[in-house]
Each structure stands twice: as C-alpha cells, then as structure tokens.
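Taking it in order: structure first as structure tokens, then the write-up.
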Amino acid sequence: MKQIRLMVNGESHELSVPPWRTLLEVIREVLGLTGTKEGCSLGECGACTVIMDGKAVNSCLVLAAEADGKQIVTIEGLADGNKLHPIQQAFVEHGGLQCGFCTPGMIMSAKALLDETPTPTEEEIRRGIAGNLCRCTGYTKIIESIKAAVGNTEEK
Amino acid sequence: MAEFSVIGERLPRVDAREKVTGEAKYAADYSLPNMLWCKLLRSPYPHARILSIDTSKAERLPGVKAVVTAKDFGGWTWGWMPATRDEPPLAVDKVHYMAEAVAGVAAIDEDTAEEACQLIRVDYEELPGVFEPEEAMKESTPRVHDYAKNNISVEYHWNFGDVEKAFAESYIVREDRFRTSRATHGYLEPPAILAYYDPTGYITVWASKQSPYFHYRHLAACFKLPLSKIRVIQPFIGGGFGGTKNDSLAGDFCAVLLSKITGKPVKYVESMEEELVTSRRRHSMIVYSKMGAKKDGTLTAIHHQVVADGGGYTAVGPLSLYLAGFATTLPYRLPNFKYDAYRVFTNNPIGAAMRGHGITHTRFAAEIQMGMIAEELGIDPVEVRMRNAIDNPKPGTIYETINKVTLKTCGLKEAIQKVTEDPIWRDRNKTPRKEGDISWGVGLSGTSYLGGARQMGHQACAAIVRVCEDGTVNLITGATDCGQGSDTVLCMIAAEELGIKLEDVNIKRVDTAYTPVDPGSYGSRVTILAGQATQKAAREAKRQLLEAAAKTWQVKSEDVEIREKKVFITSDPERSMPFDKLARIACYSGTGAVILGTGYSGYGLEPLDLTNGIGNGGTSYSFTAQSARVGVDMETGKITVTDFTIASDCGRLLSPIQAEGQIEGASVQGMGQTIYEDFIMDRGKTLNPTLLDYKMPHSTDIPNIKLIDIVTNDPDGPFGAKETSEGSIVSTPPAVVSAIHDATGIWFKELPITPEKVIKALKEKL
Ligand code: FES
Ligand code: FES
C-alpha cells in the first residue's frame, strides 16, 4: 500500500492505495467521482481525460501513486456552483454531445487546450481533441462548440 | 404567426446539462453496498467441444462467492424469433466462436474475480472451424450447429416480376461481386450491468440497454419469473447503434444468476477488448449483383444473391437479411427484382444489427453498379439517378414498388438537385484534379432508409402525459434515448401540443416498473412511433385541460386555445390566464382530479412478411442524396475525405440540432466503414481487438459537412417527420466509393478501401 495525497477539484485527499491502482480507478471508485468515464483502459479513447497539473492526461494510464501531490481537475470541478463553465455551456448550446459518454473527457481536453492556447485555429482544435474518440457526433458540433467557447471565454 | 412554437427550433438537448457536468450516470457508475463483481471466462478456441469444466480451484480462492457454468441455466436458450432460439447464456457443450463465455465468477472485487477465472479448468476438444461464409455452405464443410445443413442459418428466395426476361431484353447487363466490411458499432461505453435478485424474488437491474424491454423479457424467460417481477431501470446509455445493446449478453445473465445465488448485488462491466472481440457486429455480406438497364440508363432488373457471415448464432439475422432485400426497390424505380439470400453460420463472432441495418450492404452494391453502368453507357452520374429516381407522390397518392413497399413522400429528386447545385459537385471540374501525388475526386449517391420499423411481435409505443399542478408536465414513455436525442424530440412534441415550453416538460427514463412497454430503440422507430404516442397523449391531456378552462369561463372547449403558456378564448384573446393557473384549476376541480393523457402509436400494424418479402418494413422512408470529395495519395494509397454535402428528406426536422448531429455522426461512422474499419480475422481470432488497431475516425480525419434539409411533410409521422441518420450511414459509402473512382478511375467493390487495397489496384491498373 502507498500513502498518497491528491488534490482533486480543490479538495485534499489522503489515501492509501495499492501500487498498481490507476488514477482513474481511484477517482471513480474511491472518490466516487463517476463523471470521469472508463472506455478502453488503454489510453486509446480519451474518455478518462482529467487535468493533472494543467495538462490533460488519460487517467487510465496514470498510476495513482504517480499523481501523489498533484493537482487534479475532473469534470465535476468545472462548473461554478450552478453556473456552467463556458466550455460546458457551449457544448450544451451547440449540440457538442449526444450519448455524453465521451463528453467529460472531451470537455477536459478542450479546457486544457484553451488554457494553453486561448484562441486556437480550427486545426489546433482538431488536434487538441485528437486523442478523444467520439462515436456519436462525427466531431462537427464538438468543434463548433469549442469555437463558440473561445468566444464565450473571451467575453468574460 | 409561425406554424410551430417549439417544433423546428434550435433547442439544446434536455439531458445536456447532466451530461456536461458529469452527473449523468451510466450503468457502470452505479454501485450498491456489499456489491460483488462478475467476470467471465471466455473460450480460447473458435470451435471446440467442452469436455469438462472444473471450477473447484476457483471456488476455493478467498473472496470468491460463486461460480456458474451453463448447467446452472438449466438448458434455457434465447433468440430473436421462437424458431431461432439457439443461444444459451453460457456455452453448453460446444463453443461456436472465439471468446464465447463459458463460466462466470462473482467475487468481492474485480481483481479476485479475474484471478478466479484463470483458475477454472476447461478441457476442450478443438474442432475444425469454418470462417468464410461461402466455404461454409459447401457440403463437405464441418457444421457449426448440427441441425443446420450447409451451415445455413436463414435463407430467403423472393421473386418479383420476371428478371430473366428483363435481363434478356436489356441493352446492358452487368454482374459484379461486392463485399462489405466487418464493422462494429464502436460506442465508447462498454456494456455494463448492476443486478440484484432480491430475497423476495424480484430482479432489479441497471443495464446499458438501448431496448430495455427486450432485456426485460429475456430475464423473465431465463429466470422463469412473471414480467412483473423484472425491473429494468434505465441508466444513461453511452451509445447504441443497434446490435449488442439491443440484446442480452452472457455478463447480464451471469450477473443476475450470481446475485440470485449469493443474495448480493452483482456488477459486471465488460472490457473494451471483450467488447471488440465479441460484439454483435454488422454482418459482412457478399453481394452478387446482376443489374440490367436500357440504353438510356433506365433500370430494368436487379438480381441479388447475398451470402452473409452470420457467425456462431442466429441472433437478429432473419431481420438483417430481410432488410437487405426488401428495400432494394428503393430509391429508384425497379420493375423486376429477385433476391436469393443466405445467412451462414461460421465460427466468427455473431453478425447482427447495426445502424443502417441490412440496407447498407445491398444499397452500396446497387448504387455502385448503377454508376458502373452509367459510365459504360456514357451517361452522367446525375442524369442516371434523375432518370431512375422515384417521383414524389402527389399529396393523397401512394407510390408502390413491385414488392408492395408504399411511399407517400419521396424527396429524392429534390435532394439530388440540391446536392448537385452545391459547389462541391457543381465546381468539381473547376478545382484541380491533381496536386502533387494527390488525385482529387467527387462522388454522388442516392439512397433510402426506413423509419418506424415494423417487427414481429409487440409493435406499439405508448406515452403518458401527466400535468402537474405547478404547470409542468411529466412525460413517461418506454422509449430509450441512447444518445440519439429522442428524449428531447419527445419533450418538444409534448410541449408543442400543449402550448408550453420545452423546459416545462420533464421526461422520465425507462423503469419497467412504471413506464409503458416499448419495443425498443432500433430501426429509426422512436421519433415516429413514440413520437406519435406522445402526440396523442399530449392531445388527450390538453383536451382535459381545455374542458376545465371552458367550464371556468362558461364557454365551449373548442373556443379555448393554449399558446406560449397562455390560455385564452380564441374569439376574445383578452380573456386569458397563465397555463399554470389552468393546471391548478384542472387539478383541483371538484374534490381534486388527475390530469393524465395516454396514447399509443397506431402505425405499422401488419406484421413483417419475412418469407415472401412483400410489403413494408417501415412506416415511412427517408431519402438522401450525398456528394463526397476525396483526395487519394497515388503513392501511399491514403484517402482523405475533405467534404460531404448531404441533402436529407427527413419529412420535417423536429429538432434541428439533434437531427443534424445524427446525420453528421452517421456519415462519419459510414466513412469509417468505407475506408478504415474492419476486424482483421485469422481463423476466428480478432487480430485488432483495440481501438488503436480497429481504427475509427478521429477529429483530425473528418470532412467538412454541409447539410441540406428537404421538407416533404409525411402524413405518417408526427408533424410530418420521417427517420434521420440511418439514411446518411447508407448514403456515405457509395458517395465515397464513387469519389474514389472519380479520383483513380477504379471501382472498388470491397470495403473498407484501405491504402494497401488502393496501391494494389493502382498497380494492377498500370
Ligand atoms: S479509458 Fe483511458 S483512454 Fe480510454
Ligand atoms: S457523444 Fe457519444 S461518444 Fe461522443
């Protein structure tokens, strides 16, 4: 067992985890934050994307022990109380989701992208979410949503 | 005044907020105290006799609570029709495909359950397998199921008109062999279930099912319980697209049985690899197409001989082959049609339903072959389609095909016209044809798909509209939104009928304890059938409300109207009250009342004629014309799709954002199956069982998609709606394949068109 400390969505958690536990398992099963999804468990679909120290990561590929002392943001940490984050709002308004299973990971990737590149080109948006599969939307409305979010974030 | 106030508005999905915040719970997100985890042991052989199973070591592993094998299910089998119930929950004396489940374990955690599976000892006697459907039909080939001679699982022989005479009289006749890929749904949510068989004898499950009432019936039959003791509670569904999530899986049956044995809730979550190697995928079909035409390109006859790889069990195969046949007489006039189809057992994973079910295979073949004929005759691709396209029937009249499929609306000609006026097609010769190694091409297709699919048994959708005293409305249906947006559409229908706003309608997800029975979300049936049910239920609730208003104002109900949440007397709109006030008056009338409207769909009452292929497979039919622009790298064979223009006659778009998303998503899925997606199989073994190796389109691969809406306002759908999205997964492959032909001069007849196939074909051409 390993003793680790995770800061998740601003809350600190002291945990003892087996060394092989992934960050994804800890987020979903220990902390009960089921908004982060498990698709492939192999780093191929992006459903499990969270932000770790400012970077989007596939939490299924990160061992919980490696996340010791890191700042983690999951989908549950984006909205401000009842007020959706501008990226979430844009996905709602522009139809950037259907079944919603890719959505939390997609939004986290979009957030990491916009944090780093506040006004991305369409090409940069496409590349920014290239690790996130979506089988429902064909990506068109996801890309539109992220473009709209750029507008929304700028207005603020 | 606008015709509608909610219908046709660009409103967001009703479940969007829960989904963007991560609050939406999917099956794997549920857990219960004291829950156990289930894992399955799967066969390492595609075809083998099970000589013995020894579970004792697994049972002794600390943390293991129970182990089940086929004998614990007492010989029960299931299937789509009474005559095809060939599938047991766990393999009985033989495994029929690789990774078929043979045992299930329940343990205190997933790791222990997994470890226990490795301790189960199964002695197999490997049997010779059969993997190619045409091979499987030979007399000398081993049988997958002893009862199935020549491994034939389903066969149809239909004959309309006189194809032989028509071919003899045709100016041109072509014969070609086409083959479609081994594609799968590719939803991101692997199937999952949380099951609890409680001590009082009730089963409750939270399962990822796009058609939960199938599962409801399967569980009742398997566990020999009355339906009233089965409760399927619908979580959010992470994509369906037919097939696997319409059916019940080994993991579902095992989780329930293990819960019964242990008295504890049991959770089963499939891994993506298990999903990819066992998914009930699209059939791969071989289509021998013979097509005749006159000198002017008018079609005279089609004879299709189809051989479909059915895999180890029958599943929904009878329907797949029916669909691949009955709609060949759409979307072009066809006076003679013959269909000889075989679904064949092999030791491959099971072939079943997937978006664009059945029709995609034969439409691809016929559409490409028509292009080949037009090319030989020197007829323009647009012209040949316009000459053959079915005309839009005049209002009040019906077009009937030779196999008695009936249409009341058909927007194909308008769709072709609009698509070919669009710059992608119009200017195709103005843009460079060749840039460096890239050769550019533009292709065209015209297709049709059914909506409001009929089926064999229970057909109707039902809805309940309950008006609450605060002026909001609860909508209760048995329909499932697995991502396609039907909850939003149904709420919009209810809001439109009642004269209120979308946010005033709350839809409840399926819970078989409370919601009305529904056949399921397949065959593009929800908007049309659950939509009609919702419309009727809302009208009935409105009638009760209007009566209450009329009584209050001492006028006749017919003189009262509700619009934009305002109730008023039509002749004197000043006399009005807010909707919530009327709701209160109605609910409190007398000693108190219940304002409840109910309704059920009335379309599609005649059952399917599988044997003869006569009559309708759906309630109405969408029509799609599509152009595609591709660049083919003549050195590497890599294909890049840059543009789609898609004109869809969906009757009327009820919820434009949702419908557009469906069409875009389906066309990208169709693009995947045209140029990337295929399971690579080696004697029953899947060689690419990961999302890295089974390549689906990523954000960097997709074309710019332009959509054009063709309104035909079909009389057999709520507010004139027909189906959307299955049309564009069918129209995409022929559009892309035609574009590749335009770029390379080669007609590809086997999907997917991978770079290797392109290079090979280019070499052969030289
Ligand atoms: S679950 Fe982590 S990338 Fe798929
Ligand atoms: S919305 Fe279903 S996978 Fe993206």
Side-chain angles (χ1 to χ4, degrees), chain A residues 18 20 25 28-29 32-47 74-79 84-85 87-107 123 125-143, chain B residues 10 12-13 15-26 28-31 111 185-190 236-241 269 271-273 481-485 656-658 660-669 671-672 690-693 696-705:
Chain A
W20 61 84
E25 288 167 323
R28 285 180 55 83
E29 278 147 42
L33 296 170
T34 55
T36 304
K37 299 299 175 217
E38 177 164 14
C40 66
S41 328
L42 292 172
E44 295 165 357
C45 74
T74 71
I75 190 72
E76 289 90 346
L78 277 200
L84 294 180
H85 184 279
I87 300 176
Q88 292 173 313
Q89 188 62 35
F91 270 66
V92 170
E93 285 168 14
H94 296 270
L97 64 138
Q98 289 182 27
C99 81
F101 201 80
C102 71
T103 311
M106 197 64 88
I107 290 178
E123 197 42 45
I125 295 177
R126 284 183 181 229
R127 268 190 276 119
I129 55 167
N132 293 76
L133 282 172
C134 173
R135 191 56 155 179
C136 300
T137 63
Y139 306 99
T140 306
K141 286 193 166 21
I142 292 180
I143 296 167
Chain B
R10 300 189 69 80
R13 304 175 63 96
D15 54 7
R17 199 187 163 91
E18 284 153 286
K19 287 179 174 173
V20 298
T21 53
E23 276 162 41
K25 273 189 188 291
Y26 299 76
D29 300 336
Y30 286 84
S31 39
D111 296 344
H185 315 87
Y187 37 70
L188 292 194
E189 180 207 22
F236 282 92
I237 309 298
F241 315 117
V269 183
S271 73
M272 188 56 85
E273 181 174 346
D481 189 335
C482 46
Q484 80 274 38
I657 296 183
Q658 272 54 255
E660 290 162 8
Q662 284 289 291
I663 297 170
E664 289 159 356
S667 66
V668 169
Q669 207 172 21
M671 177 184 107
T690 66
L691 292 178
L692 195 66
D693 297 323
M696 306 199 289
H698 286 243
S699 53
T700 39
D701 302 319
I702 60 147
N704 293 314
I705 304 175

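In what follows, chains are A, B, ... by sequence order, proteins preceding strands, each numbered from 1. Any value given below was found using the heavy atoms of this structure, including those in side chains, with hydrogens, waters and symmetry copies removed.
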What part of [X] gets within 4.5 angstrom of chain B, counting heavy atoms only: side chain, backbone, both, or neither?
X        : value
A:Ile142 : neither
A:Glu76  : both
A:Leu42  : side chain
A:Glu38  : backbone
A:Lys37  : side chain
A:Ile107 : side chain
A:Arg28  : side chain
A:Ser41  : neither

Just so I understand: if I count every heavy-atom pair under 4.5 Å between each of [options] and chain B, which residue has the most?
options                     : value
A:Asn132, A:Leu84, A:Ile125 : A:Leu84
A:Thr103, A:Thr137, A:Leu33 : A:Thr137
A:Leu78, A:Ile129, A:Thr140 : A:Thr140

Closest heavy-atom contact between [X] and [Y]?
X        : Y        : answer
A:Gly95  : B:Ile657 : CA-CG2, 3.7 Å
A:Ile75  : B:Gly22  : CG2-CA, 3.8 Å
A:Cys99  : B:Cys482 : CB-O, 3.6 Å
B:Ile702 : A:Gly138 : CD1-O, 3.3 Å

Between [options], which residue shows the highest count of heavy-atom pairs closer than 4.5 Å to chain A?
options                               : answer
B:Glu18, B:Arg10, B:Glu660            : B:Glu660
B:Gln658, B:Gln662, B:Met671          : B:Gln662
B:Ser667, B:Gly672, B:Gly240, B:Ala16 : B:Ala16
B:Pro12, B:Pro190, B:Gly186           : B:Gly186

> SG of A:Cys134 to NE2 of B:His698: how many Å apart, nearest 0.5 Å?
Replying inline: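 Rounded to the nearest 0.5 Å, the SG-NE2 separation comes out at 11.5 Å.
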> Distance from A:Gln98 atom CD to B:Ile237 atom CD1, nearest 0.5 Å?
Replying inline: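 It comes to 15.0 Å.
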Spell out, as yes or no, whether a donor-acceptor pair under 3.5 Å connects the side chain of [X] to the backbone of [Y].
X        : Y        : value
B:Ser699 : A:Arg126 : yes
B:Lys19  : A:Leu97  : no
B:Glu23  : A:Gly35  : no
A:Glu44  : B:Leu692 : yes

Side chain, backbone, both or neither of [X] within contact of chain A (heavy atoms, under 4.5 Å):
X        : answer
B:Thr700 : both
B:Ser31  : neither
B:Ala24  : backbone
B:Phe236 : neither

Got [X] and [Y] here, is their nearest side-chain heavy-atom distance under 4.5 Å?
X        : Y        : result
B:Glu664 : A:Lys141 : yes
A:Trp20  : B:Asp111 : yes
A:Cys136 : B:Phe241 : yes
B:Pro697 : A:Arg135 : yes

>> Among B:Asp15, B:Val20, B:Thr21, which residue satisfies the side chain to side chain contact (heavy atoms under 4.5 Å, CB included) criterion with A:Val92?
In response: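 The passing option is B:Val20.
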> With sequence neighbours excluded, what pairs up with B:Glu189 under the side chain to side chain donor-acceptor pair (under 3.5 Å) test?
Replying inline: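 With sequence neighbours excluded, B:Glu189 shows a side chain to side chain donor-acceptor pair (under 3.5 Å) to B:Lys245, given in chain and number order.
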> Considering residues at least two apart in sequence or located in another chain, which fulfil the salt bridge (Lys or Arg N to Asp or Glu O under 4.0 Å) criterion with B:Asp693?
Replying inline: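 Listed in chain order: nothing, the list is empty.
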>> Using ring centroids (six-membered ring only for Trp), state whether A:Phe101 and B:Tyr26 fall under 6.0 Å.
In response: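 When the ring centroids of B:Tyr26 and A:Phe101 are compared, they turn out to be within the sub-6.0 Å range.
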